[in-house]
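Report on the structure given below.
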2 protein chains.
Amino acid sequence: MGKGLRPALCMATCQAFGGTEEQSLKSAVALEMIHNAFLVHDDVEDNSECRHRMPTLQAEQGVPIAVNIGDAMNALSLRLVRENIPMLGHQLTQRIYEEFEHLMLKSLEGQASELGWVRDNRCDITEADYLQMILNKTCWYSFMHPCRIGGLIASKDTLDLDRFNKFGYFMGAAFQIQDDVLNLVGDSHQYGKEIGGDIWEGKRTLMLVHLFKQGTPSERDVLQAFMAKPRGERSEEEVSWVIQRMQDYGSIDYAIAVAHQFAEAALEEFSVAYQDTPNSGEKAFIPKLIHYMISRNL
Amino acid sequence: MGKGLRPALCMATCQAFGGTEEQSLKSAVALEMIHNAFLVHDDVEDNSECRHRMPTLQAEQGVPIAVNIGDAMNALSLRLVRENIPMLGHQLTQRIYEEFEHLMLKSLEGQASELGWVRDNRCDITEADYLQMILNKTCWYSFMHPCRIGGLIASKDTLDLDRFNKFGYFMGAAFQIQDDVLNLVGDSHQYGKEIGGDIWEGKRTLMLVHLFKQGTPSERDVLQAFMAKPRGERSEEEVSWVIQRMQDYGSIDYAIAVAHQFAEAALEEFSVAYQDTPNSGEKAFIPKLIHYMISRNL
């Protein structure tokens, strides 16, 4: 069901920098597993009904069991990291573990911002706030750290891993903004989640930030009152009104354009981050991932 | 608010085996923090309103924020484990980390059993099932591993840590059964949680197992129908009926007697697990903990 973006990016980077598939395999699997652990708790936190065209774990088994299973998946992903010791040794494994620790804490911090904005009904979120939030919530764990971990393993900790940060951030921003757009205009069958779900959940997306900035004062008041309601009190009609206003003000087109700009910037940063590496199929695969991300419809 | 049992047991054991306070400090703090991370998610899973005489995090901030904060506390507790490296070195820290990994997975496994029994309305739980569940849910992380980690650090990984298992299991069983009894008959102000909360939540306790075994067939049917209801549909009257039946059949007295037997067995195992260690204030503190646990009313 998943796309396997994170393990693919980690393994391709490891090989682009001269490492082997085998060396990064455990870390790549751990990245995919911790991603899925995040999804299980995210679906609890967002009260989401549907993911990958299937009922979410919390919809099917209830919140208690979903929280417990997410915790177990999290612990098991860290066990996979530890299983690197026989092949990579204590010190390198410890460095990989540090990368995982940072990606966990950053994702949780980004999630805390997003949940706090919903709780406080913050209607003054700027583009800079939004980008900081997705840097934490998405870019670190999904793009920056997969590259960093691949480079770390291949170089046996001799590479300055910050070389991947801009590249991963640009790629992650393109991905997350595109994901938010698909949540509004995607085909629900292909996308696999409820269309408009972010609006039902009160998520602060780039489109919402844009609409708050572009709308008239009275539209802003209506929007703020809508956002103040708990999910259960929002109506289909209100959600349609929000999407219509976003279309009228070009908020969705604006977000698509920003996603494309981030993707272009990522392509440029790719040539910086992966400079000095020989041409290889694995290296060539990475820019293809960027194209895929902004042209995908699921 | 907390009693600090787990860090106290870890540090006292480390010192009883010749280690220093400083050597076990980070691990002891990590034990207390991971315990609190468990409590935050437990309160979500049990939909508990009250803990330590205060509203739970989920009651005050809602499920999404409580899930996220529990995740962060969990990650931060593992960071504390990693902070042992400068003082204890890579290999010993790795061994401590393995102990934490095992305690996490065992607790989650115990919690999974308990949640599954509620989900499936299992009314055929035996005493052996119950003891296996609390071994996983409580004994490993609260008693067995705190001792093991203290001994591990003090001995620099030269001790067979299984020497603490029986002692920690007996102590943990005494603690958990006493905790379940206090949930029924305690003073809510001192105990800090809702009295009868376990019955409202459908928890399978030793008293409930006893009542299912001792009650008449028609009482068992009433009890099973009550247990099948979601929490919101249970009434004060029904909960009182369950407590009354437990009193009539001596289920509570039985559980108190079992807790005392486990405490006595723990005292005997103490002298085995801590044999060959010189007398010290720290060593003498440990049996006092056992007495405290079964005489406590909070």
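First the proteins, then the strands, lettered A, B, ... as listed; each starts at 1. Just so it is clear, the values below take in all heavy atoms, side chains as well, and ignore hydrogens, waters and symmetry mates.
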For this session: Return yes if some donor-acceptor pair links the side-chain N/O of B:Asn68 with the main-chain N/O of A:Leu115 below 3.5 Å, else return no.
Result: no
Exercise. Going by the angle between their ring planes, with limits at 30° and 60°, are A:His90 and B:His90 parallel, tilted or perpendicular?
Worked result: tilted
For this session: Could you please state which residues from residues 228-235 of chain B sit under 4.5 angstrom from chain A, measuring non-hydrogen atom to non-hydrogen atom, sorted by number, or 'none'?
Result: none
For this session: Sort by residue number and list every member of residues 70-78 of chain B having a non-hydrogen atom under 4.5 Å from chain A.
Result: B:Asp71, B:Ala72, B:Asn74, B:Ala75, B:Leu76, B:Leu78
Problem set entry | Which atoms of A:Ile69 approach chain B - backbone, side chain, both or neither, heavy atom under 4.5 Å | neither
For this session: Pick whichever of A:Met104, A:Gln94, A:Glu98 has the most heavy-atom pairs under 4.5 Å with chain B.
Result: A:Gln94
Exercise. Is it the backbone or the side chain of A:Arg79 that comes under 4.5 Å from a heavy atom of chain B, or both, or neither?
Worked result: both
For this session: Using salt bridge (charged side-chain N to carboxylate O under 4.0 Å, His left out) as the criterion, list what pairs up with A:Glu114, not counting sequence neighbours.
Result: A:Lys137
For this session: Name the region of A:Ile65, side chain, backbone, both or neither, that has any atom closer than 4.5 Å to a heavy atom of chain B.
Result: both
Seminar exercise, completed: Cut-off 4.5 Å, heavy atoms of chain A, and the answer for B:Phe100 is neither
For this session: List the steps, then state whether side-chain contact (heavy atoms from CB on, under 4.5 Å) holds for B:Val63 with A:Glu45.
Result: CA-CA 7 Å; B:Val63 166; A:Glu45 290 164 14; over 6 Å; no
Problem set entry | Heavy atoms from other residues, nucleotides or ligands near CD of A:Gln91 exceed 12 (cutoff 6.0 Å) | no
For this session: Please state whether the side chain, the backbone, both or neither of B:Glu101 comes within less than 4.5 Å of a heavy atom of chain A.
Result: side chain
Seminar exercise, completed: In short, salt bridge (Lys or Arg N to Asp or Glu O under 4.0 Å) pairs touching residues 138-150 of chain A with sequence neighbours left out are A:Glu99-A:Arg148, A:Arg148-A:Asp162
